[in-house]
Amino acid sequence: MPSVGPLPQSFFARSALDVARDLIGCSFFVAGVGGRIVETEAYRQHDPCCHAYNGRTERNAVLFGPPGHLYVYFTYGMHFCANTACEEEGTGAGVLLRALEPATGLELMTARRGVEQPRLLASGPARLAQALGIGRAHNGLPVWEPPLALCPRPAGAPAPEVVTTARIGVRGGDQRPWRFVDARSAFLSRPLTRTPILPGG
DNA sequence: CTATAGATAATCT
DNA sequence: GATTATCTATAGG
């Protein structure tokens with residue numbers, strides 16, 4: 001019998017690289033609003049681009065906590081972004097949720113975002129957070145309990161073609177191939193044609 | 001199509 | 001005081 005429940009905590013107790021890759025094609029919902037994940041980025045503790053690189057602080061504490069809890073941060077004076085904490089407790093690693101294909105709650109997402117085109121609803125980490133209504137109140141919540149839900153790809157749904165590129169907007173223009181995308185998705189924050197495919201990941 | 005400026009405030013040095 | 005895992009609007013080719 002196929003499992004139909006949410007992803008268990010053990011899913012996140014692995015390398016952020018593996019989690020980021022395996023999250024492509026899964027679905028994420030906040031209070032029933034969400035869709036299919038098409039873009040993620042991995043951040044590991046000893047990578048200078050990771051918020052946990054300089055050690056634990058009040059802001060990044062969730063990254064060092066148990067895996068599978070949501071790390072929400074505020075940046076540029078106006079944007080929230082959401083990650084799932086990964087690897088074992090005490091390790092500062094996570095996966096940034098960068099884009100999803102809207103599936104449920106289209107009307108609410110449209111109202112929150114103030115745009116009409118489905119392409120612009122959740123194609124980018126701050127857009128995704130705004131569309132799903134993610135804010136400080138969600139920081140630290142486990143993703144397998146309401147109001148959050150992170151569900152595996154339905155049995156029978158085709159496996160996505162996952163491709164890796166450099167991460168977007170990171171300091172130093174770091175070129176590690178730690179961005180994971182569904183190569184056939186039309187809902188990426190940046191098209192693959194402008195983000196050269198890198199080997200490995 | 002690409003490039004760049006401006007918004008705007010928590011966080012960290 | 002500097003920086004920021006971004007987004008939008010606008011200007012230019």
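So that the names make sense, note that chain A is the first sequence line, chain B the second, and so on, each numbered from 1.
- Within the structure, every side-chain polar atom (N or O) of A:T57 is placed at least 4.0 Å from both OP1 and OP2 of B:dT11.
- Figure legend: A:R44 and A:Y53 shown without cation-pi pairing, the cationic atom not lying both under 6.0 angstrom from the six-membered ring centre and within 45 degrees of its axis.
- Side-chain N or O atoms of A:Q9 include one that pairs as donor or acceptor with a backbone N or O of A:P67 at under 3.5 Å.
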Next item on the list: Quick one, give me the B/S/- string for nucleotides 7-13 of chain C, reading 5' to 3', where B means a protein heavy atom under 4.0 Å from the base and S means that only happens at the primed atoms, P, OP1 or OP2.
Entry: SS-----
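- In this structure, A:Y76 does not count as stacked on the base of B:dA9 under the 5.5 Å centre distance and 30° plane angle limits.
- One atom, CG of A:L188, and another, P of C:dA5, lie 21 Å apart when rounded to the nearest Å.
- Cation-pi geometry between A:R136 and A:F80 is not met: the NZ or CZ atom fails to fall both under 6.0 Å from the ring centre and inside 45° of the normal.
- Note on A:R136: only backbone sugar-phosphate atoms sit closer than 4.0 angstrom, heavy atoms only; bases stay farther off.
- C:dT4 atom P lies 13 Å from atom OH of A:Y43, rounded to whole Å.
- The distance between atom CZ of A:F80 and atom C1' of C:dT4, rounded to the nearest whole Å, is 15 Å.
- A sub-4.0 Å separation between OP1 or OP2 of B:dA10 and a side-chain N or O of A:R59 is absent.
- Under a 3.5 Å cut-off, the side chain of A:R153 and the backbone N or O of A:A157 do form a donor-acceptor pair.
- With a 4.5 Å cut-off on side-chain heavy atoms, A:L96 and A:N83 count as touching.
- Residue A:R194 is the one, among A:N54 and A:R194, whose nearest nucleotide of DNA chain B lies closer to the 5' end (criterion: closest heavy atom).
- Every residue two or more places apart in sequence or in another chain that forms a side-chain contact (heavy atoms from CB on, under 4.5 Å) with A:S123 is listed here: A:R127, A:F187.
- Not one side-chain nitrogen or oxygen of A:R171 sits closer than 4.0 Å to the OP1 or OP2 atom of C:dA5.
- Here the side chain of A:R179 pairs no donor or acceptor atom with the backbone of A:E41 at under 3.5 angstrom.
- Figure legend: cation-pi geometry between A:R14 and A:F11, with NZ or CZ positioned under 6.0 Å from the six-membered ring centre and within 45° of its axis.
- Where pairing requires Watson-Crick or G-U contacts shorter than 3.5 Å, the helical stems of DNA chain B with at least three consecutive pairs are B:1-7 with C:6-12, B:9-12 with C:1-4.
- Using modelled atom types, one finds no donor on one side chain facing an acceptor on the other under 3.5 Å when comparing A:E39 with A:S185.
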